[in-house]
Amino acid sequence: MQKNSAVKQMDNKVEEKLNVIQHQLRKKIHCENNFSLDELKLVAGVDIAYWSDNEVDYGVCCIQVFDYLTKKVIEEVEYVGKVEFPYISGYLAFRELPLIVKAVQKLKNTPDLYMFDGNGYLHIRNMGIATHASIELGKPTIGVAKTYSKIKNVNFTMPPNSKGTFTDIVVDGEVYGRALRTRVDVKPIFVSCGNWIDLNTATQITMHFVEEDSRLPITIRYADLATHEARKYQKLMNK
DNA sequence: GCGACAG
DNA sequence: ATCTTGTCGC
């Protein structure tokens, strides 16, 4: 299911509307901190896993809330629901946000910041899932993608092979995000401001959550594992 | 026509 | 994202 066939399922006028929406929301982006790192307490990791049953697509969104200092999970929630929107590169938020909002509503705690599996400002219209979600949730966010999706023909430069090094990704003279080598001998991840945070702080927080068992920060990693477990359970219950 | 394409 | 075993390496 590549972009072409996915777009065929979506009216061209619909795509144009989504485009307009993203350009409108773009005005609400702030790549600067609206909080103090000293006061950062609760950080949430968000991810979604998918499956289908009788031609119907389902997804489960898992959110893990971590204490920033102890790096322990203090709360986790999941929300299972139908997924109506197709995956189209550049419009991931429209596919994932409905489930994310529902999952957030189940939280008893209010995270100070959210981390997403996907881009934020590092996006063709600066409106990756992390940025769009921040505007929806009203909280600072960070985008953490596992692969780079080329923007305006700009490639990224591979950072040196040592922990914590990075190279910025500059598009039209502006830093959109960076390739970050979280550990030695691993592929870099792609970090960008979602909203209400600067790139250096986003990088610092991301590195803070990187441990020895994954190149991904544990916020994203644990949420990813949780979605897989939740899906396994859902498929089991459906038989 | 061909390649690219976050999750 | 998802479908999936073995296998190379630390």
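In this text, all values refer to a predicted model and were calculated from it rather than measured experimentally. Every chain is numbered from 1, with letters handed out A, B, ... down the list of sequences.
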Candidate pair A/Tyr91 and A/Gln22, rule side-chain contact (heavy atoms from CB on, under 4.5 Å), full reasoning
CA-CA 9 Å; A/Tyr91 298 100; A/Gln22 289 189 329; 3.7 Å; yes

For side-chain contact (heavy atoms from CB on, under 4.5 Å), just list the numbers for A/Thr201 and A/Phe35, CA-CA rounded to whole Å, side-chain angles, deciding distance to a tenth of an Å, and then say yes or no.
CA-CA 11 Å; A/Thr201 305; A/Phe35 64 95; 4.2 Å; yes

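With 3.5 Å as the limit, one finds no donor-acceptor pair spanning the side chains of A/Glu39 and A/Tyr68.
When the salt bridge (charged side-chain N to carboxylate O under 4.0 Å, His left out) test is applied to A/Asp172, the partners found at least two apart in sequence or on another chain are A/Lys152. Applying the side chain to side chain contact (heavy atoms under 4.5 Å, CB included) criterion to A/Ser134, with sequence neighbours excluded, gives A/Thr141, A/Asn195, A/Trp196.
In this structure, the CZ atom of A/Arg183 is 14 Å from the P atom of C/dC10, given to the nearest Å. Across the protein-nucleic acid pair, A/Phe116 atom CZ and B/dG7 atom C1' stand 13 Å apart, rounded to whole Å. A/Glu96 has its CD atom 10 Å from the P atom of C/dA1, to the nearest Å. Here B/dG7 presents its P atom at 10 Å from CZ of A/Phe190, a figure rounded to the nearest Å. B/dC5 atom C1' lies 12 Å from atom CG of A/Leu92, rounded to whole Å. One interatomic measurement links the two molecules: CG of A/Asn153 to P of B/dG3, which rounds to 16 Å at whole-angstrom precision. The separation between A/Leu122 atom CG and B/dA6 atom P is 11 Å, rounded to whole Å. One atom, CZ of A/Arg95, and another, P of B/dG7, lie 13 Å apart when rounded to the nearest Å.
Looking only at distances, no side-chain donor or acceptor of A/Ser192 sits under 3.5 Å from a matching main-chain atom of A/Tyr176. A/Arg181 contributes no side-chain N or O that, together with a main-chain N or O of A/Pro188, makes up a donor-acceptor pair within less than 3.5 Å. For the pair A/Asn161 (side chain) and A/Val184 (backbone), a donor-acceptor distance under 3.5 Å is absent.
Using a 4.0 Å heavy-atom cutoff across all strands shown, A/Asn119 reaches at least one base atom of the nucleic acid. A/Gly59 comes within 4.0 angstrom of no nucleic acid atom, judged by non-hydrogen atoms across all strands.
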Can you give me the dot-bracket string for DNA chain B, 5' to 3', counting Watson-Crick and G-U wobble pairs with both distances under 3.5 Å, using [ ] for crossing pairs and | for partners on another strand?
.......

Nucleotide-level pairing of DNA chain C, given in dot-bracket where Watson-Crick and G-U pairs need both distances under 3.5 Å and | marks other strands
..........

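Between A/Phe66 and A/Tyr222, a ring centre-to-centre spacing shorter than 6.0 Å is recorded.
The pair A/Asp67-A/Lys41 counts as a salt bridge, with a side-chain nitrogen and a carboxylate oxygen less than 4.0 angstrom apart. A salt bridge does not link A/Asp53 to A/Lys235: none of the charged nitrogens lies less than 4.0 Å from a carboxylate oxygen. Remark: A/Glu16 does not engage A/Lys13 in a salt bridge, criterion side-chain N to carboxylate O under 4.0 Å. A salt bridge links A/Lys71 to A/Glu211: one of the charged nitrogens lies within less than 4.0 Å of a carboxylate oxygen.
Taking a 4.0 Å limit (strictly below) on heavy-atom distances, residues 129-151 of chain A reaches DNA chain B at A/Ile129, A/Ala145, A/Lys146, A/Thr147, A/Ser149, A/Lys150.
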Atom pairs, N/O to N/O, protein against nucleotides 3-5 of chain C, distance under 3.5 Å?
from: C/dC3; atom 1: OP1; to: A/Lys235; atom 2: NZ; distance (Å): 3.3

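Crowding of A/Lys150 atom NZ: a count of heavy atoms from other residues, nucleotides or ligands under 6.0 Å exceeding 12.
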